[in-house]
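What follows is a short report on a single structure.
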Amino acid sequence: GDSVTQMEGPVTLSEEAFLTINCTYTATGYPSLFWYVQYPGEGLQLLLKATKADDKGSNKGFEATYRKETTSFHLEKGSVQVSDSAVYFCALLDTGRRALTFGSGTRLQVQP
Amino acid sequence: DTAVSQTPKYLVTQMGNDKSIKCEQNLGHDTMYWYKQDSKKFLKIMFSYNNKELIINETVPNRFSPKSPDKAHLNLHINSLELGDSAVYFCASSHHRDRGNTEAFFGQGTRLTVV
């Protein structure tokens with residue numbers, strides 16, 4: 001079945017540091033890939049997405065590239081801010097499947 | 001102008017009680033979901049409805065019964081609540097297309113605490 005594996009957290013960074021959160025997936029079809037973010041006490045918000053191989057999703061300075069050869073969708077940001085502190089979820093939606101499969105989430109803590 | 005709204009936001013109740021969580025979306029989507037987030041933040045699909053028809057019913061106790069009166073609403077009723085039901089429940093919606101659903105939009109969550 002489908003699965004998503006994310007790096008364990010928490011990830012603690014200083015402000016303006018470079019961020020990478022690793023995500024790899026297993027899917028039977030040709031999935032779309034997503035990053036969602038959950039700020040404390042809130043619901044999930046879509047951060048970015050990519051629907052086919054080599055697509056790059058980007059939003060708010062975050063980027064992720066759909067790599068079919070390595071089945072990966074790593075999240076990156078060049079310079080994190082305190083306001084980026086949240087839990088980040090990698091997810092996939094496989095062809096024909098009608099619900100997201102989520103990774104376990106990675107908590108990011110950015111210190112001033 | 002909340003896109004996906006669910007009520008209540010917090011729910012504290014005793015074991016054995018029956019409770020409901022309501023969800024409404026105003027995005028015109030045809031597919032709605034319930035996800036459960038456990039204490040370790042892990043998210044798992046429980047149910048999915050498309051045009052009021054049950055599409056996904058994961059391994060969930062039959063004490064949980066979703067009801068979709070129309071495309072814009074998907075409520076979750078839970079009978080005989082147990083301590084292990086304590087979690088955050090998220091409603092979500094998306095639009096189904098032949099080549100795959102659009103991204104899902106989530107509500108704010110309902111934190112259920114069973115005491």
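Residue numbers begin at 1 in each chain, while the letters A, B, ... track the order of the sequences. Quick caveat, the model's predicted, so the values are computed rather than measured.
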Does A/F34 belong to the same Ile/Leu/Val/Met/Phe/Trp/Tyr cluster as A/L92, with side-chain heavy atoms less than 4.5 Å apart forming each link? no

So what's closer than 4.5 Å to chain B heavy atoms on A/Q45: side chain, backbone, both or neither? neither

Quick one: do A/V37 and A/M7 end up in the same hydrophobic cluster if we chain Ile, Leu, Val, Met, Phe, Trp and Tyr together by side-chain heavy atoms under 4.5 Å apart? yes

When rounded to the nearest 0.5 angstrom, what distance separates CZ in A/F102 from NZ in B/K44? 13.5 Å

A/I21 and A/F89: same hydrophobic cluster, using ILVMFWY side-chain contacts below 4.5 Å? no

Of all of B/S48, B/A92, B/A104, which one pairs up most often with chain A through heavy atoms under 4.5 Å apart? B/A104

State whether the number of non-hydrogen atoms from other residues, nucleotides or ligands found under 6.0 Å of B/Q14 atom CD is greater than 12. no

Against chain A, label B/Q37 side chain, backbone, both or neither, depending on which of its atoms sit under 4.5 Å from a heavy atom there. side chain

Applying the 4.5 Å side-chain criterion to the ILVMFWY set and letting contacts propagate, would A/Y66 and A/F62 be lumped into a single cluster? yes

Among residues two or more places apart or on two chains, list those pairs meeting salt bridge (Lys or Arg N to Asp or Glu O under 4.0 Å) that have a residue in residues 36-51 of chain A. A/K49-B/E103

Out of curiosity, A/S104 OG to B/K41 NZ, how far, rounded to the nearest 0.5 Å? 12.5 Å

A/L44 versus chain B, heavy atoms under 4.5 Å apart: side chain, backbone, both or neither? both

What residues of residues 105-115 of chain B sit under 4.5 Å from chain A when only non-hydrogen atoms are counted? B/F106, B/G107, B/Q108

Side chain, backbone, both or neither: which part of B/K9 has a non-hydrogen atom closer than 4.5 Å to chain A? side chain

Within 6.0 Å of CD in A/E8, more than 12 heavy atoms from elsewhere: no

In this structure, would A/L93 and B/L43 fall into the same cluster of hydrophobic residues linked by side-chain contacts under 4.5 Å? yes

Heavy-atom distances under 4.5 Å only: say whether B/I55 touches chain A with side chain, backbone, both or neither. side chain

Quick one, B/Y35 and A/L100 - any side-chain contact, counting heavy atoms below 4.5 Å? yes

